[in-house]
Amino acid sequence: MTENNLSSIPNEMLTRTRSLSIVIPTYNESKNIVKILDSLRAALTREMNAEIIVVDDNSPDGTSQTVEEYAKSSTNSGYSIQIIRRENKRGLSSAIVTGIERAKGDAVVVMDSDMSHPPQTIPQMVEELQSSDCDIVVASRYVKGGGVSGWPFKRKLISKGATKIAQHGLGIKIKDPMSGFFAFKRQIVNNIKFDAIGYKILLEILVKAKGAKVKEIPYTFINRTAGSSKLDLSVGVGYLQSIWKLYRYGKSVQASERRTSVHFLSKAGRFYTVGASGLLVNYFVSFLFGAVLSNLWYIYATMIGIVFSMSSNFILNKIWTFEDRKFDPRRTLMQYGLFLGFSGIGAVFQLLMVYGLVELRHVNYSIALFLAVAIASVGNFLLNKKWTFQE
Ligand code: GDD
């Protein structure tokens with residue numbers, strides 16, 4: 001089980017009402033929908049007190065009419081069937097969110113309509129929500145006992161690749177974050193503001209339902225035999241877009257927890273950007289003093305330029321790179337001293353290294369300079385990070 005820090009929702013609630021909502025998004029699934037509704041009828045017990053919510057995006061093949069007729073003819077089936085018909089095709093994740101918003105059950109199951117997600121797994125998913133200390137149960141293809149049947153090699157590869165991107169990019173620990181078959185306690189999504197981009201709404205729930213405890217149970221995904229997958233290039237693009245948005249979301253949560261800001265650049269990136277800005281400051285200030293005060297010796301003008309650029313570098317690094325916004329005069333003065341000291345050490349190191357490489361090792365000057373600048377600036381960053389700004 002994977003968990004963060006939020007306490008789990010009390011299980012008594014689920015046991016008390018035993019109500020369950022099953023959200024099924026559909027687009028052109030008239031060849032599958034009756035089969036899945038029949039299988040659900042066989043898999044669900046009356047005690048589950050289930051409602052089925054089909055969210056159809058005005059399928060041209062008449063899926064929603066088929067569902068309506070089915071619902072009329074199965075009034076005494078022990079579960080209710082609702083159909084939400086949306087005007088346009090607005091995507092899988094957004095259809096699921098629409099279904100979740102309508103759901104009344106304490107537990108919600110999300111599944112496809114094409115029989116690739118076996119309804120027989122639902123009782124075990126609900127059982128896990130009730131009996132174990134978890135908030136989300138993911139039916140997983142990639143835990144022991146799970147699998148995929150009928151996918152070509154290319155689709156398996158894409159799925160594995162996308163899974164790795166989600167795991168590494170978003171720090172998600174479960175084995176199958178791309179699963180479209182999952183159950184959760186409805187309460188955990190109450191405060192989530194969904195973006196609902198693309199296909200992967202589970203990812204959004206995993207990232208945004210902070211602290212929710214997750215359990216994976218195995219199942220075998222069976223590739224559809226009727227109708228066709230709606231997965232296309234735009235779904236792939238939507239996937240990357242949603243990963244990026246969720247990544248940014250994670251960063252902004254971390255930043256607000258640490259009371260820092262979200263940055264496009266890493267700390268090292270900001271440090272080197274400041275370094276580059278220092279070169280400009282140095283040039284313009286030296287030039288200005290040299291040109292305006294015509295009787296000032298150019299060496300003095302250059303020295304003034306150096307002092308200005310070091311100072312501007314220090315200020316920017318303090319408030320932007322390391323976000324140290326405390327202004328205690330003594331501490332700031334000490335930091336300034338350390339900053340100048342490390343810059344001085346860096347400059348001396350750079351000189352010695354260039355000299356050593358060119359004179360003693362006969363290395364080409366431009367290569368020697370590049371190596372020396374690179375090492376000196378990395379060293380400078382690390383020293384200032386550890387000592388000046390004490391991170
Ligand atoms: N309402 C609505 N609107 N439903 C949609 C839309 C849409 O724009 N696009 C797809 N669906 C429905 C389909 O009718 C089907 O019931 C379900 O969403 C899944 O769509 P498929 O196009 O069949 O998905 P897939 O089989 O290729 O992808 C599956 O694999 C993923 C894991 O790799 C799905 O199971 C995903 O849920 C799963 O995440």
Side-chain angles (χ1 to χ4, degrees), residues 22-37 39-40 52-64 66-67 82-102 109-119 121 136 138-142 146-167 172 174-183 196-206 216 219-239 242-243:
I22 299 173
V23 174
I24 308 179
T26 57
Y27 190 74
N28 281 346
E29 300 289 3
S30 62
K31 292 197 184 111
N32 291 309
I33 194 70
V34 170
K35 227 188 284 174
I36 189 86
L37 292 173
S39 311
L40 280 166
I52 294 175
I53 303 170
V54 176
V55 187
D56 185 68
D57 283 357
N58 211 357
S59 299
D61 75 348
T63 305
S64 58
T66 311
V67 176
Q82 296 178 48
I83 172 96
I84 302 176
R85 206 181 291 111
R86 306 195 304 175
E87 281 294 297
N88 302 306
K89 188 173 184 303
R90 294 192 351 234
L92 174 52
S93 289
S94 123
I96 294 170
V97 170
T98 301
I100 293 172
E101 282 165 359
R102 181 69 71 87
V109 169
V110 173
M111 69 188 302
D112 290 356
S113 61
D114 56 4
M115 299 296 290
S116 47
H117 298 154
T121 311
I136 303 174
V138 176
S140 170
R141 297 160 291 175
Y142 303 133
V148 173
S149 158
W151 264 4
F153 177 71
K154 188 175 142 203
R155 177 84 200 250
K156 283 186 186 158
L157 205 68
I158 293 173
S159 171
K160 287 278 181 187
T163 302
K164 289 275 172 243
I165 292 175
Q167 287 167 332
I172 288 176
I174 68 168
K175 297 259 189 319
D176 194 0
M178 316 299 287
S179 178
F181 190 20
F182 55 95
I197 301 168
Y199 255 41
K200 300 300 161 191
I201 200 66
L202 175 61
L203 276 186
E204 196 166 347
I205 295 177
L206 290 172
E216 286 181 278
Y219 89 104
T220 300
F221 180 102
I222 300 153
N223 201 16
R224 59 161 76 232
T225 51
S228 59
S229 168
K230 282 89 205 169
L231 202 77
D232 56 15
L233 188 64
S234 70
V235 170
V237 173
Y239 174 66
S242 72
I243 292 280

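Both counts, for ligands and for their atoms, begin at 1 and track the order of listing. As a basis for the values below, the full set of heavy atoms in this structure was taken, side chains included, without hydrogen atoms, waters or symmetry mates.
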Under 4.0 Å from a heavy atom of [X]: give me the atoms of ligand 1 that qualify, with their elements.
X: Arg141; value: 32 (C), 33 (O)
X: Ser113; value: 14 (O), 15 (C), 16 (O)
X: Met178; value: 32 (C), 38 (C), 39 (O)
X: Arg224; value: 21 (P), 23 (O)
X: Gly91; value: 3 (N), 7 (C), 8 (O)
X: Leu231; value: 22 (O), 27 (O)
X: Lys200; value: 31 (C), 32 (C), 33 (O), 38 (C), 39 (O)

Ligand 1 contacted by [X] (non-hydrogen, < 4.0 Å):
X: Trp151; answer: yes
X: Ser116; answer: no
X: His117; answer: yes

With backbone taken as N, CA, C and O and side chain as the heavy atoms from C-beta onward, which portion of [X] lies under 4.0 Å from ligand 1: side chain, backbone, both, or neither?
X: Ala95; result: side chain
X: Arg155; result: side chain
X: Glu29; result: side chain
X: Val55; result: backbone
X: Phe181; result: neither

Q. For ligand 1, is there an N or O atom under 3.5 Å from any N or O atom of Ser179?
A.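 So ligand 1 has no N or O lying under 3.5 Å from an N or O of Ser179.
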
Q) Under 3.5 Å between some N or O of ligand 1 and some N or O of Asp114? A)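 Looking only at distances, the answer is yes, because the N/O contact criterion of under 3.5 Å is met.
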
Q) Of Lys160, Glu216, Met178, which is the lone residue that meets side-chain contact (heavy atoms from CB on, under 4.5 Å) with Tyr142? A)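 That would be Lys160; it is the only one of Lys160, Glu216, Met178 passing the side-chain contact (heavy atoms from CB on, under 4.5 Å) with Tyr142.
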
Going by heavy-atom distance to [atom], choose the closest among [options].
atom: atom 4 (N) of ligand 1; options: Asp232, Thr26, Val110; answer: Thr26
atom: atom 19 (C) of ligand 1; options: Val235, Asp112, Leu202; answer: Asp112
atom: atom 9 (N) of ligand 1; options: Tyr199, Phe221, Tyr239; answer: Tyr199

Q) Quick one: do Arg85 and Asp56 make a salt bridge, cutoff under 4.0 Å? A) no

Q) Which residue supplies the protein heavy atom nearest to atom 12 (C) of ligand 1, what is that atom called, and how far is it? A)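 Heavy-atom neighbour on the protein nearest atom 12 (C) of ligand 1: Pro25 O, 3.5 Å.
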
Q) Which residue supplies the protein heavy atom nearest to atom 18 (O) of ligand 1, what is that atom called, and how far is it? A) Leu92 CD1, 3.1 Å

